[in-house]
Protein chains: 2
Amino acid sequence: MVDARLDQFDRKILSLLQADGRLTNNDLSERVNLSPSQCSRRRQRLEDDGFIRGYRAVLDRDRLGFPLVNVISVTLATHNRDNAQRFADLLARLPEVQEAHALTGEMDYILKVVTPDLKSLADFVNGVLLPHEAVQHVKTAIVLQTLKETQALPL
Amino acid sequence: MVDARLDQFDRKILSLLQADGRLTNNDLSERVNLSPSQCSRRRQRLEDDGFIRGYRAVLDRDRLGFPLVNVISVTLATHNRDNAQRFADLLARLPEVQEAHALTGEMDYILKVVTPDLKSLADFVNGVLLPHEAVQHVKTAIVLQTLKETQALPL
DNA sequence: ACTGAAACTTCTGACGT
DNA sequence: ACGTCAGAAGTTTCAGT
């Protein structure tokens with residue numbers, strides 16, 4: 001399940017940090033029964049080895065003006081390599097696109113997009129997505145309620 | 001677009017922290033042209049006022065044994081309040097469910113689920129989701145490639 | 001591999017502008 | 001509202017076990 005190079009202390013540290021990325025080495029030391037210096041060294045190693053990809057502040061979408069979450073299914077016109085690459089380049093440049101995944105099945109994409117309002121959503125779909133040469137078909141669904149939203153792994 | 005109570009300094013601080021949640025107030029002070037103490041005060045206020053919901057370490061899914069991402073569409077059997085509540089309670093308890101959104105349209109849910117392998121996915125769908133009384137229909141898609149994955153807001 | 005102490009960095013509250 | 005400064009807190013390196 002989990003990498004054999006990690007012992008129970010490492011897993012505990014990762015688990016604590018994905019719940020609170022600002023925990024100090026002193027905080028960690030109290031909860032994993034290790035000295036602060038040891039927590040510091042282990043954390044450093046977990047970062048260097050790439051188990052920890054980074055630290056992020058999670059902001060409040062509603063309070064910052066992006067109350068609308070949208071799930072958009074996109075079908076590409078033809079599935080040649082160039083089209084897919086141009087589409088990927090487009091998505092990378094669009095900050096309102098939080099997630100973009102290529103799916104099995106009908107070989108299309110699913111996007112998670114945040115917008116301030118319906119007009120911005122319409123502008124995005126009609127002004128950015130649909131005009132792109134690679135895009136054939138778009139289906140938009142609006143999120144009524146988000147029950148859960150985390151990136152935490154079930155360690 | 002963005003809350004009027006926030007000036008350019010606040011927005012810059014939020015923007016920097018959602019890119020790197022471990023930035024010190026000294027780091028911030030260099031990039032926003034404010035003293036460290038002032039950055040500390042503003043950050044404290046942004047946390048207290050709920051603009052910053054928290055800080056998280058982002059872990060590497062692949063290296064930690066969850067290479068499979070799955071997008072699962074769920075239709076509930078009947079749409080009474082009890083069924084929806086029981087389903088929500090179930091999702092809250094399942095750590096492999098990273099996201100759960102109720103959508104417009106056919107009034108169903110979309111889940112983002114991470115698993116170590118296909119067997120775990122099958123166990124989850126057939127052993128947890130389908131047996132639940134509220135669940136009528138499930139459609140599973142596997143993510144072939146993730147082009148983008150962030151929670152950053154386009155401030 | 002771990003602890004503990006020492007040197008260094010960062011944080012934060014008091015004060016003055 | 002902001003900057004400066006100093007005491008407190010946290011981090012990290014290093015010697016010792």
Side-chain angles (χ1 to χ4, degrees), chain A residues 1-60 62-66 150-153 155, chain B residues 1-60 62-65 150-155:
Chain A
M1 184 82 66
V2 162
D3 199 296
R5 280 169 293 180
L6 301 178
D7 63 15
Q8 54 161 343
F9 295 113
D10 292 320
R11 282 194 285 272
K12 190 76 185 288
I13 289 172
L14 290 173
S15 182
L16 290 167
L17 285 175
Q18 73 176 348
D20 182 355
R22 278 265 170 181
L23 286 176
T24 69
N25 291 321
N26 285 329
D27 296 332
L28 291 174
S29 77
E30 289 173 9
R31 303 181 204 203
V32 301
N33 278 348
L34 240 60
S35 66
S37 58
Q38 200 59 16
C39 290
S40 172
R41 293 183 58 193
R42 280 172 179 268
R43 188 146 64 98
Q44 189 70 54
R45 187 173 60 73
L46 291 167
E47 291 171 6
D48 293 346
D49 290 354
F51 294 104
I52 298 175
R53 296 175 58 96
Y55 300 88
R56 314 267 179 264
V58 179
L59 308 185
D60 190 298
D62 292 343
R63 295 186 71 103
L64 287 165
F66 299 90
T150 177
Q151 287 194 13
L153 299 176
L155 296 184
Chain B
M1 184 83 65
V2 163
D3 199 296
R5 281 169 292 180
L6 302 178
D7 63 14
Q8 53 162 347
F9 294 114
D10 292 320
R11 281 194 284 273
K12 190 75 185 290
I13 288 172
L14 290 173
S15 182
L16 290 166
L17 285 176
Q18 73 176 348
D20 182 354
R22 279 264 171 182
L23 286 175
T24 68
N25 292 320
N26 284 328
D27 296 333
L28 290 174
S29 77
E30 290 174 8
R31 303 182 202 203
V32 301
N33 278 349
L34 237 60
S35 67
S37 61
Q38 200 60 14
C39 290
S40 173
R41 271 191 286 254
R42 279 172 180 267
R43 187 144 65 103
Q44 189 69 54
R45 187 174 59 74
L46 291 167
E47 290 172 7
D48 293 346
D49 291 354
F51 294 104
I52 298 175
R53 296 175 59 94
Y55 299 88
R56 313 268 179 264
V58 179
L59 308 185
D60 190 299
D62 292 343
R63 295 187 71 104
L64 287 164
T150 176
Q151 287 193 15
L153 299 175
L155 295 184

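So that the names make sense, note that chain A is the first sequence line, chain B the second, and so on, each numbered from 1.
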**Fill in**
All heavy atoms of B:Asn25 vs all of B:Ser40, minimum pair found to be ND2-CB, 3.3 Å

Sequence-distant partners of [X], salt bridge (charged side-chain N to carboxylate O under 4.0 Å, His left out), two or more places apart:
| X | result |
| --- | --- |
| A:Arg31 | none |
| A:Arg56 | none |
| B:Arg45 | B:Asp10, B:Asp49 |

**Request:** Using atom types as modelled and distance alone, determine if a side-chain donor or acceptor of A:Arg11 lies under 3.5 Å from a backbone N or O of A:Leu6.
**Result:** yes

Figure out the [atom1]/[atom2] separation between [X] and [N], and round it to whole Å.
| X | N | atom1 | atom2 | answer |
| --- | --- | --- | --- | --- |
| B:Arg43 | C:dC11 | CZ | C1' | 9 Å |
| B:Tyr55 | C:dC11 | OH | P | 11 Å |
| B:Gln8 | D:dC2 | CD | P | 10 Å |
| A:Arg42 | D:dT12 | CZ | P | 16 Å |
| A:Leu6 | C:dA1 | CG | P | 13 Å |
| B:Arg22 | C:dT10 | CZ | P | 13 Å |
| A:Asp20 | D:dG10 | CG | P | 13 Å |
| A:Phe9 | C:dA1 | CZ | P | 12 Å |

Tell me, please, which residues at least two apart from [X] pass side chain to side chain contact (heavy atoms under 4.5 Å, CB included).
| X | answer |
| --- | --- |
| B:Ser37 | B:Ser35, B:Arg41 |
| A:Arg22 | A:Asp20, B:Leu17, B:Arg43, B:Tyr55 |
| B:Ala152 | B:Gln18, B:Thr150 |
| B:Ser29 | B:Pro36, B:Cys39 |

**Request:** Spell out yes or no: do the side chain of B:Arg41 and the base of D:dG3 have one donor N/O and one acceptor N/O closer than 3.5 Å?
**Result:** yes

**Prompt:** In which ranges does DNA chain D form stems of 3 or more consecutive Watson-Crick or G-U pairs, distances under 3.5 Å?
**Reply:** C:1-17 with D:1-17

**Asked** Looking at DNA chain D, which of residues 23-40 of chain A put a heavy atom within less than 4.0 Å of it?
**Response**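 Those residues are A:Thr24, A:Asn25, A:Asn26, A:Pro36, A:Ser37, A:Ser40.
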
